[in-house]
Amino acid sequence: MSRRNSIWVKRLALFSMAFTIAACGLPRAGPSKKEIFSSSVQRQGNAYIVSLNDRVIQATAQAPAVGFDDQFQKAGRIGADTIRPGDVLALTVYENVEEGLLGVAGAPSDLSELQVDQAGFIFVPYAGRIKASGNTPEGLRSVITRKLDSQTPDPQVIVRRVPGDGSTISIVGSTAQGVFPIEASTATLSSMIAQAGGVTTAPENTRVTVIRGKQKGTVWLEDLYASNEQDIALRPGDRILLKEDTRRFTALGATGGQSLVEFPAPEVSAIEAIAFMGGLNSNLADPTGVFIFRDESAEYANRVLGRDDFVSPKRFAYVLNLTEPNGVFLGRDFQIRDGDTIYVTEAPYVAWTKTLSVLTGTAGAASSLANVAGTN
């Protein structure tokens with residue numbers, strides 16, 4: 001073999017090596033669309049690859065996750081003056097005799113801090129144990145008056161409620177956290193939140209949770225003020241939690257930014273999510289390969305695939321093709337959920353561009369190496 005042919009053989013070998021390295025080892029943001037499809041269940045993979053259409057969107061649609069149910073909504077307002085266990089009462093008794101049972105004539109006798117026990121009773125000297133819960137202060141005044149009237153002529157009784165442990169609720173997460181009494185002006189959820197000082201988080205992204213015994217309900221703050229039905233009546237012992245929404249989705253691939261994105265609103269569509277991610281990278285993204293990865297419950301997996309045999313969650317990759325005539329509309333209707341991963345694949349030409357870029361630089365290096373080899 002001539003010296004000239006030997007040089008060209010060396011150059012060709014170096015060029016082939018550069019091409020192989022470029023084709024196999026190029027950096028990229030993640031798997032290609034072809035690689036994702038190859039991992040589908042239909043091809044012995046572990047994920048169901050489903051193209052978005054109107055039927056799929058309807059099958060994956062969830063009922064609103066927040067809002068108080070009928071048990072909360074149908075609980076009417078309680079009377080602000082109704083006495084309940086835990087309430088603290090103050091009694092003042094006037095007697096019309098020189099030597100009264102409780103004091104002297106014309107001078108009132110004060111009985112303060114009479115707490116209603118858990119059975120609903122209080123004890124009044126000379127009147128005995130009296131049922132207080134369920135009565136109003138006026139109703140209880142009449143009962144005590146009758147009890148004392150047989151022992152002291154024409155007693156005048158005054159009953160007042162004072163701050164105590166009875167008709168109260170607790171709030172966490174507001175400007176002024178603490179325990180607040182249920183009064184006529186704060187008998188509903190919205191009025192109590194206002195009384196507590198409002199919220200410190202963005203109103204459009206704040207959830208209000210009410211825990212009542214074993215019941216639990218949640219509503220968006222904006223929905224609470226938009227609907228009278230959601231502005232429920234409070235009950236003694238209610239616990240109210242005001243908390244900023246913590247749902248998130250992940251943005252990966254050929255997007256404007258790869259990050260963990262917080263939900264900016266109660267509902268976010270796929271198109272809105274892409275916008276919050278910074279949009280598609282026009283130099284890299286393949287608009288036919290927008291994937292939404294999600295673990296679907298057995299219920300929704302059966303709906304999407306038209307089956308009824310799934311009993312455990314399944315992995316799904318929903319494909320959104322923005323180049324289709326209705327692609328944007330489908331993306332606008334498909335709702336993103338907490339924990340979703342949105343991945344945008346790179347356009348096929350990007351790999352070739354990277355390869356050519358590497359080859360161009362490598363070919364120059366190979367030529368230099370060949371020249372060096374030729375001189376030896």
Side-chain angles (χ1 to χ4, degrees), residues 57-58 60-78 168-213 215-235 237-251 259-279 292 294 300 328-329 331-340 342:
I57 290 175
Q58 185 176 4
T60 57
Q62 287 186 318
V66 294
F68 295 116
D69 60 22
D70 287 346
Q71 285 185 292
F72 279 103
Q73 293 183 20
K74 292 181 179 179
R77 292 194 187 190
I78 57 175
T168 60
I169 59 91
S170 61
I171 295 183
V172 174
S174 63
T175 302
Q177 306 181 63
V179 178
F180 299 87
I182 300 176
E183 301 173 339
S185 60
T186 58
T188 62
L189 181 56
S190 64
S191 59
M192 185 62 77
I193 293 174
Q195 176 68 23
V199 297
T200 56
T201 54
E204 68 275 8
N205 210 27
T206 300
R207 290 185 177 213
V208 181
T209 299
V210 176
I211 302 172
R212 178 176 298 168
Q215 288 181 268
K216 185 177 182 180
T218 300
V219 67
W220 293 103
L221 183 64
E222 287 193 337
D223 291 343
L224 170 62
Y225 283 91
S227 171
N228 289 332
E229 292 180 350
Q230 296 297 326
D231 192 13
I232 61 173
L234 296 176
R235 288 289 185 272
D238 281 354
R239 291 173 290 166
I240 302 171
L241 174 63
L242 304 173
K243 187 177 181 181
E244 187 175 14
D245 185 22
T246 57
R247 296 175 302 157
R248 294 176 173 85
F249 64 89
T250 305
S259 60
L260 192 63
V261 184
E262 295 183 353
F263 273 59
E267 293 184 356
V268 176
S269 68
I271 290 295
E272 291 171 329
I274 292 172
F276 285 118
M277 292 157 48
I292 298 95
R294 174 185 300 170
Y300 283 93
V328 173
F329 290 101
R332 197 174 63 179
D333 293 337
F334 185 78
Q335 295 299 310
I336 300 300
R337 296 188 203 156
D338 184 26
D340 281 356
I342 302 176

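Both backbone and side-chain heavy atoms feed into the values below; hydrogens, waters and symmetry mates do not. Sequential numbering from 1 along the given sequence is applied to the chain's residues.
Side chain of E204 to backbone of A265: no donor-acceptor contact under 3.5 angstrom is found. Side-chain atoms of S227 do not come within 3.5 Å of backbone N or O of L224 as any donor-acceptor pair. Between the side chain of D338 and the backbone N or O of R248, at least one donor-acceptor pair lies under 3.5 Å.
Here the side chains of T201 and K243 are not in contact, with every heavy-atom distance at 4.5 Å or above. Inter-residue side-chain proximity for Q335 and T60 is flagged as unmet; no heavy-atom pair is nearer than 4.5 Å. By the 4.5 Å heavy-atom criterion applied to side chains, I240 and I169 are counted as neighbours. Within the 4.5 Å cutoff, the side chain of I292 has no heavy atoms near those of the F249 side chain. A heavy-atom distance below 4.5 Å is not found between the side chains of R207 and E244.
Side chains of T186 and S191: a donor-acceptor N/O pair is absent below 3.5 angstrom, by distance only.
Of the residues T188, D238, L189, V219, the one that meets the side chain to side chain contact (heavy atoms under 4.5 Å, CB included) test with I232 is L189.
Counting heavy-atom neighbours within 6.0 Å of E272 CD, excluding the residue itself, gives a total above 12.
Rounding to the nearest 0.5 Å places CZ of R212 at 12.0 Å from CZ of R239. Here CZ of F72 is found 10.5 Å from CG of L234. Values are rounded to the nearest 0.5 Å.
Between E229 and Q73 the shortest heavy-atom distance is O-CG, 3.4 Å. Nearest heavy-atom pair, S269 versus G331, reported as atom, atom and distance to 0.1 Å: CB-O, 3.6 Å.
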